[in-house]
Protein chains: 2
Amino acid sequence: MANIRDVAKKAGVSVATVSRVVNKNGYVKKSTLEKVNKAISELNYSPNAIAVSLNNKKTKTLGLILPDITNPFFPELAKAVEEVANQNGYTMILCNSNGLLEKEMEHIEMLERKYADGIILASDSYTEERLKGTDLPMVLLDRGVNPNHSSITANNFSGAVMATKHLLKQGCKKIAHIAGPKNVLTAVDRLKGYQSVVRDSNWYDGDLIIHANYNTKEAITATKKLLEMDSSIDGIFASNDLIAIGCLKAIRSIGWKVPDDIAVIGFDGISLTDLIIPQLSTIKQPVYEMGEAATKLLINEIEVGKKESLFKEFDVTLIHRESTDKRGEINE
Amino acid sequence: MANIRDVAKKAGVSVATVSRVVNKNGYVKKSTLEKVNKAISELNYSPNAIAVSLNNKKTKTLGLILPDITNPFFPELAKAVEEVANQNGYTMILCNSNGLLEKEMEHIEMLERKYADGIILASDSYTEERLKGTDLPMVLLDRGVNPNHSSITANNFSGAVMATKHLLKQGCKKIAHIAGPKNVLTAVDRLKGYQSVVRDSNWYDGDLIIHANYNTKEAITATKKLLEMDSSIDGIFASNDLIAIGCLKAIRSIGWKVPDDIAVIGFDGISLTDLIIPQLSTIKQPVYEMGEAATKLLINEIEVGKKESLFKEFDVTLIHRESTDKRGEINE
DNA sequence: TTGAAAGCGTTACCAG
DNA sequence: CTGGTAACGCTTTCAA
């Protein structure tokens, strides 16, 4: 690949001049501009990004750290981040942390060493303590709120309230909650939302809450346990869609019918919920918009600087489908 | 962040010496080694990757270009690539091409400018013609075979044969095929596999083949069309799982039963197939292993150089589930 | 065993 | 309007 000196030589000018025309800054006489452009296209020159980076300490690279790209919630997020990044001339490095704090830290250090310009962190295990070494611009996504960093979340609490009230409205008399992990912020907020609605009901009981990780397998076990314990449960609010699908499988395996015997609603709104039978009611997060907002926010912090931490919370929406349609309200 | 000069000053040696101890090459007296190491840890020094790259023209960065991270087949691939890359000290840039040749080319150029060390390309539209500008090491994944580049694929043809024979064995008398796009290599091979099995059957007819893109929505339309045209169809081999799920939805919407009225089998083995009801039979590709193999192959080409193009084809396996279980062979 | 200095490809400042 | 050159942080000869 040709470099800037080759171009300079070919055009009969100095490298400084070439640099000026490439970056369109400074004055260049029209005739030399043309000479240089000619040389550039003849040599098919394009500036070496590494050398540029070494100078200005900017790499036009963003890091996206996710717990697990394999969880259907995240690919759409990744897509949004990648697209917005690209539109702004940035490139995205994808890092999987498997939810491990240690891996997260490794990735952050690596991104620093590679001079990434900023990081979008979707973390389970985020604690301010561990992050304070970094001074890279960083925005927290979906799973963490903290005064030192801007963050984007969905309104998990109010979504949980919506889900629980929806179940009530459909006629459920006793609603259980399969909560996510205790240390995951979204899970905690959703649990609180559920509790705020049912706390004062006469049937309410702490045993109606059971914890499981955000996956289908554990949810199956949890659901069976729940229904064995109390067969009068007729509604489940699952902390996310993967858990809800586990519920569906467990319920089916013991021969109950959804939604007649028991209604189920999830959270997230992954596309999967539309593909399964019965179709799963859920609280939909505007995932793409969230990824988009996070990326724009980050790029803004990088390019114009950060004044204050912004904390943006997105509204969620109820999607009413078969799995909670006890009253035949849906007409397909 | 501290740089090599800071360390040198602190240790009272030259930068050359620091470089030697960091890279463990050249002779260093034990006592100075210790001094230097001390300074390094006190300053928490780690070499600036950009500067290193500028020297050796290696960035320890791989590009992964995918049609669409949102298609459930790809996240697992991405995960494999990321993990293996990380294990070898590489970082992965993720690029979404949306299946557009133009976008692919843009990404490739960007990766060249950023001095990526190599590319893994999963492409629909791959044609050698367009790629010949690049001399970056590149391995083709899943959707392209070409003498100039190593490639990793699954055995699509024999998988299709397995699927079709499986349907026959389950008692299907007339099997249709919803094929993928005509310009996608995997789709073409699967179509050929199907044809090789049924071509000589007395019921065979070209109308039993219908094309659709690799998504659920189009598959619904296609399936309805197929069954309206010929209601004696009692088996469908779908070119991928997303299509198969579309079949299931369409079949359900017209009131038929799976697998009794009609059996359905997909291809890919995405985890989704295990979560839906009825569970979907499918031909499973070893996705993770494929991603792993591609990455190892690429890293090998980068680090030890490439002698010849390797062409590795992975075996696929039949997963027999409810959607084709006409004879009650599955005991859960 | 160690240090000085050139070079990697740019940009940006300072002169002219 | 243009050119020379220091600087970015590191590696790698070449000498000592």
Side-chain angles (χ1 to χ4, degrees), chain A residues 1-40 43-61 89 109-117 303, chain B residues 1-40 43-61 89 109-117 303:
Chain A
M1 273 229 273
N3 66 24
I4 197 171
R5 258 189 300 274
D6 300 330
V7 177
K9 195 178 297 169
K10 180 142 202 160
V13 299
S14 74
V15 294
T17 301
V18 177
S19 177
R20 278 186 209 104
V21 350
V22 169
N23 299 294
K24 304 189 199 312
N25 64 14
Y27 299 95
V28 181
K29 202 204 301 172
K30 197 163 181 187
S31 64
T32 64
L33 178 79
E34 281 160 4
K35 274 193 302 190
V36 173
N37 276 136
K38 183 152 165 285
I40 286 176
L43 292 170
N44 196 249
Y45 166 76
S46 87
N48 178 321
I50 300 291
V52 175
S53 295
L54 188 58
N55 263 289
N56 58 199
K57 292 158 177 314
K58 296 258 175 261
T59 53
K60 289 277 181 180
T61 301
E109 278 163 25
M110 181 276 292
L111 290 166
E112 283 185 307
R113 244 177 308 124
K114 289 218 170 170
Y115 268 38
D117 296 336
E303 297 187 347
Chain B
M1 271 230 274
N3 66 24
I4 198 171
R5 257 188 302 273
D6 300 330
V7 177
K9 194 179 300 172
K10 180 142 204 159
V13 299
S14 74
V15 296
T17 302
V18 177
S19 176
R20 280 186 206 102
V21 352
V22 169
N23 299 295
K24 302 189 199 313
N25 64 12
Y27 299 94
V28 181
K29 203 203 300 171
K30 195 163 182 186
S31 64
T32 65
L33 177 80
E34 282 159 3
K35 273 192 304 189
V36 172
N37 276 136
K38 183 151 164 284
I40 287 176
L43 293 170
N44 195 250
Y45 167 77
S46 88
N48 177 319
I50 301 290
V52 174
S53 294
L54 189 57
N55 266 291
N56 58 201
K57 290 155 178 316
K58 295 258 176 263
T59 53
K60 288 278 182 180
T61 301
E109 278 162 24
M110 181 275 293
L111 289 167
E112 281 184 308
R113 244 176 310 122
K114 289 218 171 172
Y115 268 38
D117 296 335
E303 297 186 347

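Every chain is numbered from 1 and lettered A, B, ... according to where its sequence line falls, protein lines coming before strand lines. Note that the coordinates shown come from a computational prediction; the quantities given were computed from them, not determined experimentally.
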(request) Heavy atoms of chain A, cut-off under 4.0 Å: which first and last nucleotide of DNA chain C, 5' to 3', fall inside that, if you could look? (result) C:dC8 to C:dC13
(message) Base, sugar-phosphate or nothing for A:Ser53? Non-hydrogen atoms, less than 4.0 Å.
(response) nothing
(request) Check salt bridge (Lys or Arg N to Asp or Glu O under 4.0 Å) between B:Lys114 and all other residues, then give those that pass, not counting sequence neighbours. (result) none
(message) Applying salt bridge (Lys or Arg N to Asp or Glu O under 4.0 Å), can you list everything that pairs with A:Lys35, at least two apart in sequence or on another chain?
(response) none
(request) Would you mind telling me which residue lines up with the more 5' stretch of DNA chain C, B:Tyr27 or B:Leu54, judged by nearest nucleotide? (result) B:Tyr27
(request) Looking only at non-hydrogen atoms, find the nearest pair between A:Lys57 and A:Asp117 and report the distance. (result) O-OD1, 4.1 Å
(message) Base contacts versus sugar-phosphate-only contacts with protein, heavy atoms under 4.0 Å: please encode nucleotides 10-16 of chain D as B, S and - from 5' to 3'.
(response) BSBB---
(message) On a heavy-atom basis, which atom in A:Thr59 and which in B:Ile50 lie closest, and how many Å separate them?
(response) CG2-CD1, 3.6 Å
(request) Apply side chain to side chain donor-acceptor pair (under 3.5 Å) to B:Asn3 and list each qualifying residue two or more places apart in sequence or on a separate chain. (result) none
(message) Using the side chain to side chain contact (heavy atoms under 4.5 Å, CB included) definition, which of the options B:Val7, B:Ile40, B:Val22 pairs with B:Pro47?
(response) B:Val22
(message) Angle between the end axes of the helix from C:dT1-D:dA16 to C:dG16-D:dC1, five pairs per end, to the nearest 10 degrees?
(response) 50°
(message) Give the residues of residues 6-14 of chain B touching DNA chain C, defined as any heavy atom closer than 4.0 Å, sorted by residue number.
(response) B:Val13, B:Ser14
(request) Can you tell me the distance, in whole Å, between the NZ atom of A:Lys30 and the P atom of D:dC1? (result) 12 Å
(request) Quick one: list whatever passes side chain to side chain donor-acceptor pair (under 3.5 Å) with A:Asn23, sequence neighbours left out. (result) A:Ser19
(message) Between B:Thr32 and B:Val28 (side chain of the first, backbone of the second, donor and acceptor by atom type, cut-off under 3.5 Å), is there such a pair?
(response) no
(request) Specify the closest pair of heavy atoms between B:Ser53 and B:Lys58, including all atoms of both residues, with the distance to one decimal. (result) OG-O, 2.9 Å
(message) Checking A:Ser14 now: which residues fulfil side chain to side chain donor-acceptor pair (under 3.5 Å) with it, not counting sequence neighbours?
(response) A:Thr17
(request) Could you list the residues that satisfy salt bridge (Lys or Arg N to Asp or Glu O under 4.0 Å) with A:Glu34, not counting sequence neighbours? (result) none
(message) Can you pull out every salt bridge (Lys or Arg N to Asp or Glu O under 4.0 Å) where at least one residue sits in residues 21-33 of chain A? Sequence neighbours excluded, please.
(response) none
(message) Suppose we screen for salt bridge (Lys or Arg N to Asp or Glu O under 4.0 Å). Which residues come up paired with B:Lys38, at least two apart in sequence or across chains?
(response) B:Glu42
